[in-house]
Amino acid sequence: MSQYDAIADLYQQSKRLPFRSAIERYTLFDALGDIRGLTMLDLACGGGFYTRLLKRAGAAAVTGVDVSREMIRLAEQEEEREPLGCRFVCRDAADFEPTAGAADVVVAMYFLHYAGTRDKLVRFCRVCHHALRPGGRIVGFNDNVMRPPRGTVSFRQYGIEKTGPRTPYEGAPIRYRLTNDDGSELEFNNFYLEPQTYDEAFRETGFREFRWLGVSLEPGERGNPFWDDFLRDPPVIAFSATK
């Protein structure tokens, strides 16, 4: 995960790519619903982009956790520049020890696909389950394991390119290349696990109602043909589960 120390600024810049707001952010907040007054944990928070959006949306308390020191530095720098009351912790989420039952919601934006093995995915899920109160939820985004790339798949118009093995296998690296609006590029890996592996990990750790949510387009963009390819074959997918 130290790969993000070297690309932290570029990754933060990628939050300005159009799909981030029109699809990613819209889908996330649509799935979350009203979060006013809730206590939230943002795992793999990166530079705190969603941590701060959650606080602005009315969450009572939000803690962001990320393994990258540089990402946490950027998050704390932004919090110092414009204080919202967010807290940030630099820690590998697999080893993070949250206060039991303290969170109403765990947000996991592009977190679980870094597990790489079934055992580590179970560890990730166990941390989330431990953090949540009974009835609490986890909501997040993931590489779309329902449609893994077989070779290189280009979503260049959205700033995304993905490369994986032609025959997907458990733990296979999925290489992402993001191209920002200014032409700068960044690359990083996550790892493929089969959909059934996710189902089993959530069940084993005590979650119920685990489901893939797909993605949705914000109403103002509906009917815009620019998004047709993305919606036809989404490179990413949302999910949720309940404790």
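These values consider heavy atoms only, across backbone and side chains, with no hydrogens, waters or symmetry-generated copies. Given the structure is predicted, the values throughout are model-derived calculations rather than measurements.
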Salt-bridge present ([X], [Y]; N to O < 4.0 Å):
X: Lys243; Y: Glu209; value: no
X: Arg81; Y: Glu76; value: no
X: Arg137; Y: Asp104; value: no
X: Asp5; Y: Arg69; value: no
X: Arg16; Y: Asp181; value: no
X: Asp143; Y: Lys162; value: yes

Between SG on residue Cys125 and OH on residue Tyr198, distance to nearest 0.5 Å: 9.0 Å
Can you find a pair of side-chain heavy atoms, one from [X] and one from [Y], that are under 4.5 Å apart?
X: Val65; Y: Asp42; result: no
X: Cys90; Y: Val67; result: no
X: Glu79; Y: Phe88; result: yes
X: Phe188; Y: Leu10; result: no
X: Arg177; Y: Leu186; result: no

Please table the atom pairs, donor to acceptor, closer than 3.5 Å between any side-chain atom in residues 167-174 and protein atoms at least two apart or in another chain.
unit_1	atom_1	unit_2	atom_2	d
Glu170	OE1	Glu194	N	2.5
Glu170	OE2	Thr197	OG1	2.8

Going by atom types only, do Gln3 and Tyr11 share a side-chain donor-acceptor pair under 3.5 Å? no
Decide yes or no on side-chain contact (heavy atoms from CB on, under 4.5 Å) for Phe19 and Ile160, but give the supporting numbers first. CA-CA 10 Å; Phe19 83 91; Ile160 304 171; 3.7 Å; yes
In terms of the angle between their ring planes, are Trp227 and Phe230 parallel, tilted or perpendicular, with boundaries placed at 30° and 60°? perpendicular
Students often mix this up, so state it plainly: with edges at 30° and 60°, are the rings of Phe210 and Phe239 parallel, tilted or perpendicular? tilted
Keeping the roles fixed (side chain from Asn224, backbone from Phe226), state whether a donor-acceptor pair exists under 3.5 Å. yes
Mark yes or no: Arg20 above the aromatic ring of Tyr50, with NZ or CZ under 6.0 Å from the six-membered ring centre and no more than 45 degrees from the axis. no
Please name the pair of heavy atoms, one in Val139 and one in Ala31, separated by the smallest distance, quoted to 0.1 Å. CG1-CB, 3.8 Å
